[in-house]
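Following: one structure in structure tokens, then a few remarks.
Chain A is the first sequence line, chain B the second, and so forth, proteins listed ahead of strands; every chain is numbered from 1. Quick caveat, the model's predicted, so the values are computed rather than measured.
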Amino acid sequence: MKELPKAYEPEQYEDKIYTRWEESGFFNPDKCDKEGKCTTGKSFSIVLPPPNVTGTLHIGHASMLAIQDLMIRYHRMKGDRTLWVPGTDHAAIATQTKVEKLLMERGIKEPKKELGREKFLEEVNKFAKESHDTIVNQSKKMGSSLDWSREAFTLDEPRNLAVKTVFKKMYDDGLIYRGYRIVNWCPRCHSTLADDEVEHKTSQGKMYWIKYGPFILATTRPETKLGDTAVAVNPNDNRYKDMVGKKYMIPGVLGEFEIIVVADDAVDIEFGSGAVKVTPYHSFTDYEIAQRHGIVGKQIIDEDGKMMANCGKYAGMTTLEARTAIVKDMEKMGLIDHVEDYENNLSICYRCGHAIEPIPSKQWFIDVNKRFKLEKSKLKNIKDGQEVSLKELMQTVVKSEQIEIVPERFDKIYFHWIDNLRDWCISRQIWYGHQIPVWYKGDEIFVGIEAPDEDGWLQDPDTLDTWFSSGLWTFSTLGWPNETEDLKNFHPTTVMETGYDILFFWVARMILMTTYTLGDIPFEKVYLHGLVRDEQGRKMSKSLGNVIDPLDVCKEYGTDAVRLSLLIGNTPGNDCKLSEEKIAGFRNFSNKLWNISRFILTQIEDNKYQIIDKPTPKTLADKWILVNLGIVIYEVSKNIEKFQFSQAGELLRDFTWNELADWYLEIAKIEGDKSEILNYILSVILKLWHPFMPFVTEQIWTEIYGEERMLIVEKWPTIQKTSLQEEAVDFGCTSIDFQLIQDIIAGIRSLRAENKIEPVKKLNVVISAGGKKDLLEENSEIIKTLARLENLQIEESATKPAGSIGFVKSGVEIFVDLSGAIDVEKEKIRLEKEKQELGIYIKGLGGKLDNKEFVNNAPPAVVEKEQQKLNEAKDKLIKLNSQLEGLN
RNA sequence: GCACGCCUAGCUCAGUUGGUUAGAGCAUCUCCUUUACACGGAGAGGGUCGAGGGUUCGAAUCCCCCGGCGUGUACCA
């Protein structure tokens with residue numbers, strides 16, 4: 001007879017199991033196909049959101065891996081041709097910033113200047129490589145069944161080719177252009193940022209009311225006065241009506257300067273004095289006002305965030321230093337009217353937190369509004385050759401439901417974002433990334449995949465926004481621009497599973513890039529998960545010291561426990577809270593499953609350790625457990641398909657622990673002869689649990705059935721809903737029959753506990769069973785053993801023996817002989833209380849059924865059900881009354 | 001400002017087309033070393049589903065309004 005160790009010790013098995021999976025080759029759909037495992041003819045593919053090579057994986061990554069691996073393993077077992085593509089993201093600015101910091105810690109004060117482009121990039125690549133290796137190992141630790149043979153990196157050669165190809169195509173279509181305009185500039189990173197790479201933080205500042213020629217106006221940035229060229233007022237503002245169009249000389253700290261007054265709707269009459277100073281080159285709003293009125297700007301802040309040479313004595317100061325100095329000088333000149341405290345939104349860099357400076361700059365942009373001809377379209381509502389803009393493409397695929405976002409409420413957020421979308425600035429002044437495939441020679445420009453042949457051409461030194469390359473991810477990983485088999489088989493991918501926090505950064509960009517490049521969607525469904533927070537709902541961060549390291553907890557509680565704690569109690573689009581107690585709870589469950597298996601092993605007849613088909617049930621308990629197992633198969637599959645992973649897991653846990661372990665296994669000890677049925681049930685629940693907790697299930701599977709067959713590619717159990725109902729009928733029982741047995745046992749146990757009867761004392765019970773006599777007799781051994789009875793007397797009709805107390809379940813009366821050890825008063829109170837509750841219940845039901853409107857309007861089935869409940873309750877009341885009388 | 005989400009047992013949350021006396025896990029209390037498991041078993045207590053209106057025969061569920069918390073977003077100088 002086979003035997004298992006008493007407790008499941010994860011660290012003993014996990015690495016070995018992962019190695020076996022890897023060596024089996026089953027992570028690769030080609031291998032599964034070759035072995036005849038792909039039986040549905042369908043493909044299922046997910047491309048892993050590539051973790052940034054900026055460090056290590058955190059618990060949020062672990063959650064993402066658990067969710068995706070669950071889907072992947074489920075579909076693989078179902079027989080779909082299933083592919084999960086791994087990869088990492090070079091994360092341009094983030095990685096470069098991180099390495100700069102590390103180099104500075106190593107004593108290199110200005111890494112870029114001291115090392116130069118080539119040496120510096122060497123350092124970044126070295127760091128990225130190490131980070132990549134860590135990430136791969138961590139992913140494996142989590143049990144992720146990724147096809148490592150297809151691993152990709154956003155900055156490797158094949159992806160570089162894809163990037164250059166798309167860039168050139170967009171340039172040729174006139175969608176990519178070079179323009180001089182105001183951009184978000186991070187003086188720390190020394191680079192532009194896209195609009196959504198800018199974060200807003202409320203901060204305490206000052207509002208300066210300044211005397212400005214004929215105006216008094218309010219500003220938070222007096223230092224930008226040096227770059228003012230206009231004053232704007234609302235066209236409907238009578239106060240300034242006569243001034244519009246006129247020019248004024250304004251006294252300033254560097255002497256007088258001229259401004260023109262313009263009328264513009266962007267100005268709020270109510271705010272401040274209703275007059276706005278316009279600094280076209282250092283404010284987005286002002287730039288737009290200036291454009292509308294043909295006003296020229298003046299740049300006064302440079303790329304270091306410092307005042308430029310044209311700022312006289314303020315030149316070289318940072319903007320903050322200049323602000324202090326200028327305010328001081330203005331005060332001396334009597335130009336400050338008054339100063340107020342003011343709370344405003346500070347724009348900061350999402351990578352380094354430094355304040356963003358709007359400055360004018362010559363950059364590359366993607367035009368999101370320009371229409372172009374989409375040659376080939378696989379999109380709903382868009383024909384081949386139709387003229388569309390990128391914005392329209394992004395809108396139409398979600399509106400037409402060709403792409404479905406789960407949960408649905410993110411649709412609105414997505415559309416709102418597109419509505420406010422401006423041209424995308426894609427050039428970055430950093431070194432780590434895809435260098436822009438543009439070459440210059442004097443005024444000539446060349447855009448191409450390779451550098452021009454002749455000498456004298458210089459490549460643009462800038463690199464592309466990291467999201468440009470990750471936007472191509474679903475198809476660049478599958479081999480595009482080559483026409484590969486993978487592209488044919490796996491694109492569009494089935495599901496994109498990622499965090500809602502990168503809906504705009506990434507998901508929207510993939511939709512943009514893919515619809516444009518392929519005329520197709522990148523994925524059919526977007527499943528958005530939330531953040532993993534600590535038990536108090538705070539973000540996990542190093543400074544708070546509340547970080548749960550996935551590897552630490554995997555080691556302590558087992559990877560399966562960690563995965564379960566991230567899957568159960570975690571619903572789409574919502575943040576979830578995680579604590580070690582929660583993980584420990586699921587560690588207990590993995591051990592429970594292990595011990596269930598351990599027990600079942602003892603029940604399997606020798607030499608019959610093989611997977612078998614569904615056996616014929618012999619007893620009521622057999623029928624009950626098989627019908628319920630069928631329900632679980634059906635419900636778990638359905639919930640996984642609907643992305644309700646938590647629900648699926650809970651159902652499975654309830655079945656495994658409450659029905660199988662707590663009831664059926666105890667009955668198996670009594671009835672015996674369960675070799676086949678237990679063997680079958682175990683094999684089914686191991687399959688059902690496998691996508692949730694791959695390690696412990698695979699290990700048990702191996703212990704029982706040997707190493708030849710691996711659980712990872714076993715066939716997922718299936719059941720038709722109709723056959724479920726038929727099955728219960730075929731078995732000649734209803735779930736209510738077994739429920740009665742459970743209720744009788746639970747009722748006796750409850751009376752025993754309430755009356756403080758010692759557990760060892762065996763009781764005598766008489767049951768007045770009516771039509772249920774045969775049923776109860778068949779199962780009398782179960783009742784006797786589980787309720788610890790000495791004698792069990794089952795009659796069609798019995799009267800209450802003296803010295804006993806009773807209860808009623810489904811029309812059956814159970815009398816428990818307590819041999820006079822009854823506390824009569826206590827028992828009276830119990831029965832009275834029950835009677836009272838029942839009375840309220842009956843009154844409610846009666847009222848409902850007397851209500852003609854209810855009877856007429858509610859569906860007949862509902863009415864009938866209520867009537868039945870009423871009848872049963874009335875019957876129970878009669879029996880309770882007679883029991884109460886018996887006590888007097 | 002606008003939009004979205006959340007408020008259900010002490011805690012974390014389910015509750016998907018409105019229909020059992022509202023559920024689970026953890027925690028709490030009582031009892032039990034019954035040979036699969038004390039990372040266990042049996043039993044128990046605990047909620048007027050944030051407040052108030054409305055629709056309906058019937059509302060935790062749909063509508064309105066209010067309050068608290070959170071998130072996203074906007075051109076507030």
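Between A:F271 and A:Y342, the ring planes lie perpendicular to each other; the angle is over 60°, past the 30° to 60° tilted range. Note on ring orientation: taking the six-membered ring where Trp is involved, the planes of A:Y13 and A:Y8 are parallel (angle under 30°, cut-offs 30° and 60°). Ring pair A:Y287/A:Y281 is tilted by interplanar angle, where 30° to 60° counts as tilted.
Residue contacts shown for A:K6 are limited to sugar-phosphate atoms, with no base heavy atom under 4.0 Å away. At a threshold of 4.0 angstrom between heavy atoms, the contacts of A:Q644 include nucleobase atoms, whether or not backbone atoms are also involved. Contact annotation for A:F284: no contact, since no heavy-atom pair falls under 4.0 Å across all strands. Counting any heavy atom pair closer than 4.0 Å across all strands shown, A:D662 reaches sugar-phosphate atoms only and no base atom. When heavy atoms are screened at a 4.0 angstrom cut-off, A:N851 is found touching the sugar-phosphate backbone but no base atom. Backbone-only engagement by A:T571 is indicated by non-hydrogen atom pairs under 4.0 Å involving sugar-phosphate atoms exclusively. Within the nucleic acid shown, A:K843 has no heavy atom closer than 4.0 Å to any nucleic acid atom. The residue A:E666 sits close to a base: some heavy atom pair falls under 4.0 Å.
A donor-acceptor contact closer than 3.5 angstrom links the side chains of A:E703 and A:Q699. Checking A:S637 against A:E641 by side-chain atom types alone, no donor-acceptor pair falls below 3.5 Å.
A donor-acceptor contact shorter than 3.5 Å links the side chain of A:R752 to the backbone of A:A787. In this structure, A:S347 contributes its side chain and A:I356 its backbone to no donor-acceptor pair below 3.5 Å. Listed for the A:H282 side chain is no donor-acceptor partner under 3.5 Å among the backbone atoms of A:G227.
Closest to the A:N595 side chain, of the nucleotides B:rC37, B:rU16, B:rU73, is B:rC37. Closest approach to the A:N639 side chain among B:rC76, B:rG43, B:rU16 is made by B:rU16 (side chain taken as heavy atoms from C-beta onward). Taking every side-chain heavy atom of A:E754 into account, B:rA44 is the closest of B:rA44, B:rG19, B:rU73. Comparing B:rU73, B:rA36, B:rG19 by their closest approach to the side chain of A:A858 singles out B:rG19. Listed nucleotides B:rC37, B:rU34, B:rC57 differ in distance to A:E853; the shortest reach to its side chain belongs to B:rC57. Comparing atom distances between the A:S750 side chain and each of B:rA14, B:rG43, B:rC76 picks out B:rG43 as nearest. Out of B:rC13, B:rC76, B:rA36, the shortest distance to the side chain of A:I596 is found at B:rA36. The side chain of A:H200 approaches B:rA74 more closely than any other nucleotide in the set B:rA74, B:rG43, B:rA14.
When rounded to the nearest whole Å, the span between CD of A:Q647 and P of B:rC13 equals 16 Å. At whole-Å resolution of the value, CZ in A:R409 and P in B:rC4 are 11 Å apart. The CD1-C1' distance, from A:I418 to B:rG72, rounds to 15 Å in whole Å. Between A:H282 atom NE2 and B:rC75 atom C1' there is a gap of 18 Å when expressed in whole angstrom units.
Comparing A:K669 and A:D575 against RNA chain B, the residue whose closest nucleotide sits nearer the 5' end is A:D575. For A:A7 and A:R221, each mapped to the nucleotide of RNA chain B holding its nearest heavy atom, the one lying further toward the 5' end belongs to A:A7.
A salt bridge does not link A:E556 with A:R587: none of the charged nitrogens is closer than 4.0 Å to a carboxylate oxygen.
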B/S/- contact track for nucleotides 21-33 of chain B, protein heavy atom under 4.0 Å: B--SS-----SS-
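Side-chain to base pairing of A:R587 with B:rC39: one donor and one acceptor N or O lie within less than 3.5 Å of each other. A donor N or O paired with an acceptor N or O is found under 3.5 Å between the base of B:rC37 and the side-chain atoms of A:K592.
Under the Watson-Crick and G-U wobble criteria, each requiring two contacts below 3.5 Å, nucleotide B:rA22 is left unpaired. In a base pair of the Watson-Crick type (N1 to N3 plus N6-O4 or O6-N4) or a G-U wobble (N1-O2 and O6-N3), with each distance short of 3.5 Å, B:rC49 is matched with no nucleotide.
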